[in-house]
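Numbers restart at 1 for each chain; the letters A, B, ... are given by sequence-line order, proteins then strands. Small disclaimer: the values here were computed from a predicted structure and weren't measured.
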2 protein chains.
Amino acid sequence: MAPVTTELTSGARSATPTLDEVAVLAGVSRATVSRVVNESPKVSPEAREAVQAAIAQLHYVPNRMARSLVTRRTDTVALVLSEPNTQVFSDPFFASIVHGVSAALADTELTLVLLTARDAREQQKIARFARQGHVDGVVLMSLHSEDLLPDVLSGAGVPLVLCGRPYDGRSVAYVDADNVGGARVATEHLLGLGRRRVATLTGPTDMIAGVDRYLGWQRATEDAGRAVDPSLVAHGDFTEAGGEAAMARLLAQAPDLDAVFVASDPMAVGALRALRAAGRRVPEDVAVVGFDDAAVATTCDPPLTTVAQPLDLMTGELVELLRRQIEGVAAPAETRTCPTRLVRRASA
Amino acid sequence: MAPVTTELTSGARSATPTLDEVAVLAGVSRATVSRVVNESPKVSPEAREAVQAAIAQLHYVPNRMARSLVTRRTDTVALVLSEPNTQVFSDPFFASIVHGVSAALADTELTLVLLTARDAREQQKIARFARQGHVDGVVLMSLHSEDLLPDVLSGAGVPLVLCGRPYDGRSVAYVDADNVGGARVATEHLLGLGRRRVATLTGPTDMIAGVDRYLGWQRATEDAGRAVDPSLVAHGDFTEAGGEAAMARLLAQAPDLDAVFVASDPMAVGALRALRAAGRRVPEDVAVVGFDDAAVATTCDPPLTTVAQPLDLMTGELVELLRRQIEGVAAPAETRTCPTRLVRRASA
DNA sequence: GAGGTCCGTGGAAGCGCTCCCACGAATTTC
DNA sequence: GAAATTCGTGGGAGCGCTTCCACGGACCTC
């Protein structure tokens, strides 16, 4: 009998038991233990039972590194937030996406890891992480136009789905809300209320969501036969403070405005504050519509009329598209655009 | 010549090149390539150069799974948020911790992955993930008293540091802010202003931070020779909405209060709103002190006097303690309590 | 009852890497 | 000038796992 076997049968147990140790204890071969662990049907009930008993007794946990080395899978996917501004982290929209993806993954054998890339160096680190085989796929929230990560990742052949349409027209799988449509409906609602001067507070122009929501406002304005007056436009950055400042500017530019479509709920909350500071009543003097249907939309004063995105649907599609790519059964660069919906509350 | 070698030298390159292929191309052995990759000094300049050229030419990226299998290290640490309530995600304090830990790790070779556990099932998944050797260590934000993850993880021998003192007195490494001291100073400040009825809005009683901040208020109250009047206490949940509701209750219980220490800034913002709704002026009628020094403390109306935690220090210590455990040079269950500091603004 | 099929099982190869050990050449020491 | 040291290098074992392949026994078929 070989020394190693002697040691195993003599009862000396390592802190982290291996397949072999389980096999020896169960009186079967390594291969059979592997089959039991991987739920292969080709195992007799007796053998299965013996193995399971041994696993329980030794507290055996398979070593995923070893497994991954041969299977070429890690059963792990990454959600990457590529964004220099840390504050975005506390944006409720982002939190919802994380929550949704995580929930969609909970029903699968996949584990979610969250990675953040604030600068080029961290992006490199993440690219390496992905390329070194630590994850089977990546959901990427790359918000700014100049981000390199989408290229690097898709170039490296890592299964990839973007959350949000890519800024340029590149061919890559993505899931997005119908931002243009949502903004359009919001603006039409304001117009339908009989408002004469419908302004907009946009998001950053280097983010596609910011651009698309502006586009929706613009189209609705044009379709209503109104001129697209530059003084009715102010740019924000999707944050509450940015929204407050932009609203103040907007009031200075266009004191006669009587409605405003704001490109995100946090910005709308800031806008509400600026409006109050300026002595304008909402919705009597100025009607306000936000975007996102964040939790704060129900608690602010007045409760916010806003455009809701189907988050569950979106995160579900995100995971679905990614899994298909991982399985290798995906059509190249599949995309989904999910419908939005106006939620009426008191602000418009 | 063996077939495999023929294939390698004949120019056929796999999509993901291995050490062997680099070795063949560079005309050295696998061992030498490994030395170059791992920056061993025992390599001649010529060999190093040849290897580096080959690596560049093949776009070689080491397979971390294979490496981990033998080194028993992954160079990855996890930040685990064990918290059923998803909304906590958008809490600025949490975002700051993530940011800080991530920044502290950016200077090292370690990669950070973020994991969330909302229920027992996800906790199991994470425990498995850690035990299977996917991470070298864990920073755990386990906020509630009944959480099992600390036990499971430390029981499994995974290097572990808690962010926040454990609820019970268990022996485990942790880093925490001096919540009791901070709350005490805040309360003393209110008392020092000459306020007669200093109330408090607490956090959840199953979170140690909630308990400690209440304790600080209590001690300061007692030390000032005041009675700890139950009607001066209302419980919140660290959220803005919860703070608003609790403040409304507090005003009903103790209409004569003239100061309130609020256990978190988001709650304080809610409290400010409730106070305004009730027609109380801040700070004239009611002085308010918050906790956390979140970004919102500077933008709300009036700007919030609050207790700041040394986040950089805390996250630095967190990473330091964890690294020491990973290196195996840590004393058992090291702990750090970081000093807090009162930041005076307009609300008190 | 001889040949065929099926099924559970174990042996063994190998995933890509690190690292111990031994080897030979260059350098040093007495 | 012989022995000892140093240094860069390559061979090879092995990390823990999956999976192909072959084997033997139980079962069926004509």
For the helix from C:dG1-D:dC30 to C:dC30-D:dG1, measure the angle between the helix axis at one end and the axis at the other, each built from five pairs, rounding to 10°. 40°
For A:Thr71 and B:Val70, take the nucleotide of DNA chain D holding the closest heavy atom to each; which residue's nucleotide lies nearer the 5' end? B:Val70
Would you please confirm or rule out a distance under 4.0 Å between OP1 or OP2 of D:dG10 and any side-chain N or O of B:Ser29? yes
Under 4.0 Å: is that the gap between some side-chain N or O of B:Arg72 and OP1 or OP2 of C:dT18? no
Within the structure, does a side-chain N or O atom of A:Ser44 lie under 4.0 Å from either OP1 or OP2 of C:dT9? yes
Atom CZ of B:Arg30 to atom P of D:dA13: distance rounded to whole Å? 11 Å
Side-chain N or O of A:Ser34 versus OP1/OP2 of D:dT18: is the shortest distance under 4.0 Å? yes
Closest to the 5' end of DNA chain D, once A:Ala31 and B:Arg48 are matched to their nearest nucleotides, is B:Arg48
Does a nitrogen or oxygen in the side chain of B:Asn63 sit under 4.0 Å from OP1 or OP2 of C:dC15? no
Write down the distance between CD (B:Gln132) and P (D:dC15), rounded to a whole number of angstrom. 20 Å
Below 4.0 angstrom from OP1 or OP2 of C:dT9, is there any side-chain N or O of A:Thr32? no
Whole Å only: how far is the CG atom of A:Asp20 from the C1' atom of D:dG16? 8 Å
Measure distances between side-chain N and O atoms of A:Arg35 and base N and O atoms of C:dG10, and say whether any donor-acceptor pair falls under 3.5 Å. yes
